[in-house]
Amino acid sequence: MPLPYDLCARVQNAFRARHRHIAVEHSTQNLAILSILLRAGFLSNLTRGTIASPSPSDFHRVGEAQRRIWAELKYRDDRAVLSDMSLVSMPSRRVFMDVGEIRRICSGRRAQTIKPLGLGEIAVVKTKNREHEWLEAREALVLGLDGEVVCRAR
């Protein structure tokens with residue numbers, strides 16, 4: 001399974017290189033994180049496809065190694081909507097937060113060693129709840145779920 005730092009680096013580099021689309025490996029983790037970015041308004045569209053093209057019909061015909069998630073990057077006034085995407089929890093240092101700590105970073109206060117979320121900034125949280133495994137920090141706060149803060153985007 002690919003680690004989240006690979007997705008963060010690919011998305012950030014694609015925005016900086018002014019690409020229109022990006023293809024990432026198909027996995028539950030990548031799909032969940034990209035879906036959160038789509039809901040937050042950083043991406044225009046998500047579709048499944050193959051290495052060659054974003055084609056949902058071809059997605060089911062190819063093998064697992066050929067499957068990709070295609071994300072259409074969003075630009076406003078010829079400027080990238082996403083300016084920075086960085087990892088919070090790293091393989092060498094996992095960052096787990098309870099509901100109180102998630103509330104602190106969402107309300108503009110520091111929790112542990114994590115800076116507070118700024119205006120228009122989101123944090124992706126991985127919870128142990130099977131129904132709501134990947135959430136944005138504010139969604140996790142509303143549902144009262146704690147978990148690992150994986151990455152943040154602004």
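Note that the structure is a prediction, hence the values are computed from the model and not measured. What's counted below: heavy atoms across the whole structure, side chains too, no hydrogens, waters or symmetry copies. Note that the numbering runs from 1 along the sequence shown for the chain.
- Judged by distance alone, the side chain of Tyr75 and the main-chain N or O of His19 form a donor-acceptor pair under 3.5 Å.
- Counting all heavy atoms, side chain and backbone alike, Pro56 lies closest to Pro54 at CD-O, 3.9 Å.
- Nearest heavy atoms, Ala137 versus Leu117: CB-CD1, 4.3 Å.
- When side chains are defined from C-beta on, Cys8 counts as touching Cys151, because their heavy atoms get closer than 4.5 Å.
- Put simply, the side chain of Glu101 does not reach to within 4.5 Å of the side chain of Ile114, judged on heavy atoms.
- Both Ile122 and Trp134 are assigned to one and the same hydrophobic cluster, defined by single-linkage of ILVMFWY side chains at heavy-atom distances under 4.5 Å.
- No continuous path of hydrophobic side-chain contacts links Trp70 to Ile33 [ILVMFWY only; heavy atoms under 4.5 Å].
- Pairs engaging residues 137-146 under the side chain to side chain donor-acceptor pair (under 3.5 Å) rule: Arg39-Glu139, Glu136-Arg138 [sequence neighbours left out].
- When side chains are defined from C-beta on, Arg109 does not count as touching Pro116, because their heavy atoms never get closer than 4.5 Å.
- Under a 3.5 Å cut-off, the side chain of Thr127 and the backbone N or O of His132 do form a donor-acceptor pair.
- Two residues are said to be in side-chain contact when any heavy atoms from C-beta on lie closer than 4.5 Å; Phe42 and Val11 fail this criterion.
- Using a 4.5 Å heavy-atom threshold, the side chains of Ser55 and Thr50 count as separate.
- Note that CD of Glu72 and CD1 of Ile22 are 12.5 Å apart. Values are rounded to the nearest 0.5 Å.
- Hydrophobic clustering, with ILVMFWY side chains joined whenever heavy atoms are under 4.5 angstrom apart, groups Ile36 together with Leu46.
- Across all non-hydrogen atoms, the minimal contact from Ala71 to Leu43 is CB-CD1, 4.1 Å.
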- Task: With side-chain contact (heavy atoms from CB on, under 4.5 Å) as the test, would you mind laying out the steps for Val62 and Ile51 before giving the verdict?
- Result: CA-CA 10 Å; Val62 297; Ile51 291 175; over 6 Å; no
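- Put simply, the side chain of Ser89 does not reach to within 4.5 Å of the side chain of Val149, judged on heavy atoms.
- Considering OG1 of Thr47 and CZ of Phe59, their distance stands at 9.5 Å, rounded to 0.5 Å.
- In this structure, the separation between CD on Glu131 and CG on Leu143 is 9.0 Å, given to the nearest 0.5 Å.
- Val150 has its side chain out of reach of Val88: every pair of non-hydrogen atoms, C-beta onward, lies at least 4.5 Å apart.
- Heavy atoms from other residues, nucleotides or ligands lying under 6.0 Å from OH of Tyr5 number 12 at most.
- Judged by distance alone, with hydrogens and angles left aside, the side-chain atoms of Gln12 form a donor-acceptor pair with the main-chain N or O of Met85 at under 3.5 Å.
- Within the model, atoms CD of Glu25 and CZ of Arg68 stand 6.0 Å from one another, a figure rounded to the nearest 0.5 Å.
- Taken from CG in Leu73 to CG in Asn45, the straight-line distance is 11.0 Å, to the nearest 0.5 Å.
- Criterion: ILVMFWY side-chain heavy atoms under 4.5 Å apart, direct or through other members. Under it, Val125 and Leu87 are not part of a common hydrophobic cluster.
- The minimum heavy-atom distance linking Leu135 with Ala140 is given by the pair CD1-CA, 3.8 Å.
- Once rounded to the nearest 0.5 Å, the distance linking CE of Met97 with CG of Leu141 reads 12.0 Å.
- Ionic pairing of Asp84 and Arg152 is not present here: no N-O contact between side-chain nitrogen and carboxylate oxygen is shorter than 4.0 angstrom.
- Residues Leu34 and Phe15 share a hydrophobic cluster, clusters being chains of Ile/Leu/Val/Met/Phe/Trp/Tyr side chains in contact below 4.5 Å.
- Residues Lys126 and Val124 are not in side-chain contact: their nearest non-hydrogen atoms beyond the backbone lie 4.5 Å or more apart.
- Using a distance-only test at 3.5 Å, with no hydrogens or angles considered, a donor-acceptor pair links the side chain of Gln112 to the main chain of Phe96.
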